[in-house]
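Here is the structure we will look at, set down as structure tokens.
Since this is a predicted model, take the numbers as computed values, not measurements. Naming convention: chains lettered A, B, ... in sequence-line order (proteins, then strands); numbering from 1 in each chain.
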Amino acid sequence: MVDVTAAARVEMAEIIVNECLCGKAKQLEKAEVDGIRIGLQPDVVTYNTLIAAYCRCVGIDAGYSVLHRMKEVGINPDVITYNSLIAGATRYCLLFECLDLFDEMLEMNILPDIWSYNTLMNCFFKLGKPDEAYRAFQDILLKDISVHSATFNILCNGLCMNGYTENSLMLLRSLKRYGFIPQLVTYNNLIHGLCKSGRGKAAMEFLNELEESGHIPNAITYTTVMTCCFRYRQFEEGLKIFAEMKNKGYTYDVFAYCTVASMLLKTGRITEANEYLGYIVTSGFSLDTVSFNTIVYLYCKEGQLENAYKLLYEAEKGGLESDKYTHAILIDGLCKTGNFQEARQQLNRMSMTGFDSNLVAWNSFINGLCKAGHFDHALQTFESMDVKDSVTLP
DNA sequence: CTAGGGTTAG
């Protein structure tokens with residue numbers, strides 16, 4: 001494990017970003033440049049691949065800029081181009097972007113296919129709009145587009161995510177009667193959904209069914225089950241699962257590491273968390289916003305706010321976008337170290353970049369003020385807030 | 001090319 005002293009960290013930010021920021025997108029960028037140099041003309045497939053990779057690794061804006069680039073060189077986007085962008089927008093929960101892209105697609109006479117609808121449906125579900133998701137499903141049937149097994153998986157998963165666990169299980173049972181064979185992803189979704197809705201036992205029963213029906217659990221299954229353990233405070237059990245996935249030779253990735261590291265940070269096991277995060281930094285994994293957030297979380301827990309900012313500055317230079325978690329983690333960290341003015345500034349920056357309804361961040365701020373005895377300021381902030389929840393209340 | 005896992009307050 002690397003010895004991550006405070007001094008070393010300042011230098012490390014740049015290294016982390018240069019070595020680990022989105023290796024895939026960087027490779028693609030290099031591939032594109034190399035391809036052009038040796039005289040290969042990038043075609044629509046090249047650009048579609050780039051859009052998908054940029055959306056996944058960097059952000060939706062990076063995807064759009066590729067769209068503009070391809071239009072500039074006279075290559076017409078196709079249904080896959082738009083599907084990739086819609087998927088990108090869905091990844092970042094940007095419903096209006098999704099709908100705009102859908103409209104743009106229709107205006108350009110590009111016919112949406114099953115994946116366009118699947119993704120749109122998924123976006124509605126992700127944003128807690130099951131009724132509209134269902135309407136998108138009806139659209140599929142109405143337009144006589146042939147459904148894909150993913151359509152059912154998205155339906156089952158969406159119902160679970162929106163609190164309709166029973167309906168999801170019912171749907172699955174009836175789909176089975178019609179000959180639908182649950183896939184690994186179906187089981188993974190169910191385990192995740194059941195666990196999230198507090199039904200850990202039922203989740204584990206589906207883990208058994210998954211194995212009995214001949215499927216082999218993958219990294220996603222393991223990460224899901226591990227998260228389930230941590231949720232029910234079965235820390236050692238979860239760590240055992242992590243060890244198992246490593247020992248069995250399954251691909252274990254940054255997802256698993258971030259899960260473990262966060263649990264360790266939350267339970268005050270900072271040194272161990274440091275080891276896990278040190279490992280993902282030195283092992284050449286390509287890191288995304290969530291991984292960076294987890295490292296920032298570590299810095300905050302250690303009170304090293306300067307290093308947190310340094311890292312984020314470098315990450316942003318590398319094209320990575322902060323999200324609501326980044327802001328919440330920073331604001332909480334600033335409050336815990338008594339930097340209320342900085343926290344206030346961070347809240348402003350957060351609102352300016354479009355994360356104005358980030359309750360967790362505001363709650364952290366108020367909580368921090370209360371803990372430090374600044375009750376007037378806390379009350380004043382509380383009254384200025386438009387949206388509140390049960391955590392906001394003192 | 002396009003669905004599933006990971007990160008924040010109390």
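- Remark: A:Thr223, A:Thr224, A:Thr227 in residues 222-234 of chain A come within less than 4.0 Å of DNA chain B through at least one heavy atom.
- Here B:dT2 presents its C1' atom at 13 Å from CE of A:Met121, a figure rounded to the nearest Å.
- To the nearest angstrom, P of B:dG6 lies 11 Å from NZ of A:Lys126.
- The nearest whole Å value for the distance from the CE atom in A:Met105 to the P atom in B:dT2 is 15 Å.
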Tabulate below the donor-acceptor pairs under 3.5 Å that side-chain atoms of residues 128-145 of chain A make, not counting sequence neighbours, or state none.
residue	atom	partner	partner atom	Å
A:Asp139	OD2	A:Lys143	NZ	3.4
A:Lys143	NZ	A:Tyr117	OH	3.4

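- Residue contacts shown for A:Ser291 include a base, since a base heavy atom lies under 4.0 Å away.
- For the OP1/OP2 pair of B:dA3 and a distance below 4.0 Å, the side-chain nitrogens and oxygens of A:Arg91 include at least one atom meeting the criterion.
- Residue contacts for A:Ile86: at a heavy-atom cut-off of 4.0 Å it reaches no nucleic acid atom on any strand shown.
- When distances are taken from the side chain of A:Val254 to each of B:dG6, B:dT7, B:dT2, the shortest belongs to B:dG6.
- Residue A:Lys388 contributes atom NZ, which lies 17 Å from atom C1' of B:dA9 at whole-angstrom precision.
- Residue A:His327 places no side-chain N or O under 4.0 Å from the OP1 or OP2 atom of B:dA9.
- Side-chain nitrogen and oxygen atoms of A:Asn363 include none within less than 4.0 Å of the OP1 or OP2 phosphate oxygen of B:dT8.
- Under the stacking definition used here (centres under 5.5 Å, planes under 30°), the residue A:Tyr325 fails to qualify as stacked on the base of B:dT8.
- Counting distance only, with no hydrogens placed and no angle test, the side-chain atoms of A:Asn293 and the base atoms of B:dG6 include no donor-acceptor pair under 3.5 Å.
- Remark: P of B:dT7 and OH of A:Tyr276 are 16 Å apart, rounded to the nearest angstrom.
- A donor-acceptor contact under 3.5 Å is formed by the side chain of A:Asp253 with the base of B:dG5.
- Residue A:Asn122 is in sugar-phosphate contact alone, with no base atom involved, counting any heavy-atom pair closer than 4.0 Å across all strands shown.
- Taking the six-membered ring where tryptophan is involved, the planes of A:Tyr276 and A:Tyr257 are tilted, since the angle between them lies from 30° to 60°.
- For the pair A:Met70/A:Pro77, a side-chain contact is recorded, criterion being any heavy-atom separation below 4.5 Å from C-beta on.
- Under a 4.0 Å N-O distance rule, the pair A:Lys176/A:Glu209 qualifies as a salt bridge.
- Using cut-offs of 30° and 60° for the angle between ring planes, the A:Tyr279 and A:Phe285 rings count as perpendicular.
- To the nearest angstrom, P of B:dG4 lies 10 Å from CZ of A:Phe255.
- The side chain of A:Tyr297 contributes an N or O atom lying less than 4.0 Å from OP1 or OP2 of B:dA9.
- The separation between A:Leu155 atom CG and B:dG4 atom C1' is 14 Å, rounded to whole Å.
- To the nearest 0.5 Å, atoms OH (A:Tyr82) and OG (A:Ser116) are separated by 11.5 Å.
- When the salt bridge (Lys or Arg N to Asp or Glu O under 4.0 Å) test is applied to A:Glu236, the partners found at least two apart in sequence or on another chain are A:Arg269.
- Considering only side-chain N and O atoms, A:Lys266 lies under 4.0 angstrom from the phosphate OP1 or OP2 of B:dA9.
- Between A:Lys336 and B:dG10 there is a side-chain N or O to OP1 or OP2 distance below 4.0 Å.
- In this structure, the side chains of A:Thr90 and A:Glu97 stay at 4.5 Å or more apart for every pair of heavy atoms.
- The side chain of A:Ile220 lies closest to B:dG5, out of B:dT7, B:dG5, B:dT2.
- Proximity note for A:Asn188 (side chain, C-beta onward) versus B:dG4, B:dA3, B:dT7: the nearest is B:dG4.
- Summarising the geometry of A:Val260 relative to A:Phe230, their closest heavy-atom pair is CA-CE1, 4.1 Å, with the distance given to 0.1 Å.
- Rounded to an integer number of Å, the gap from CD1 of A:Ile280 to C1' of B:dT7 is 11 Å.
- Between A:Asn367 and B:dG10, a side-chain N or O to OP1/OP2 separation shorter than 4.0 Å is present.
- Taking the side chain of A:Asn83 as heavy atoms from C-beta on, and the options B:dT2, B:dT7, B:dA3, the nearest nucleotide is B:dT2.
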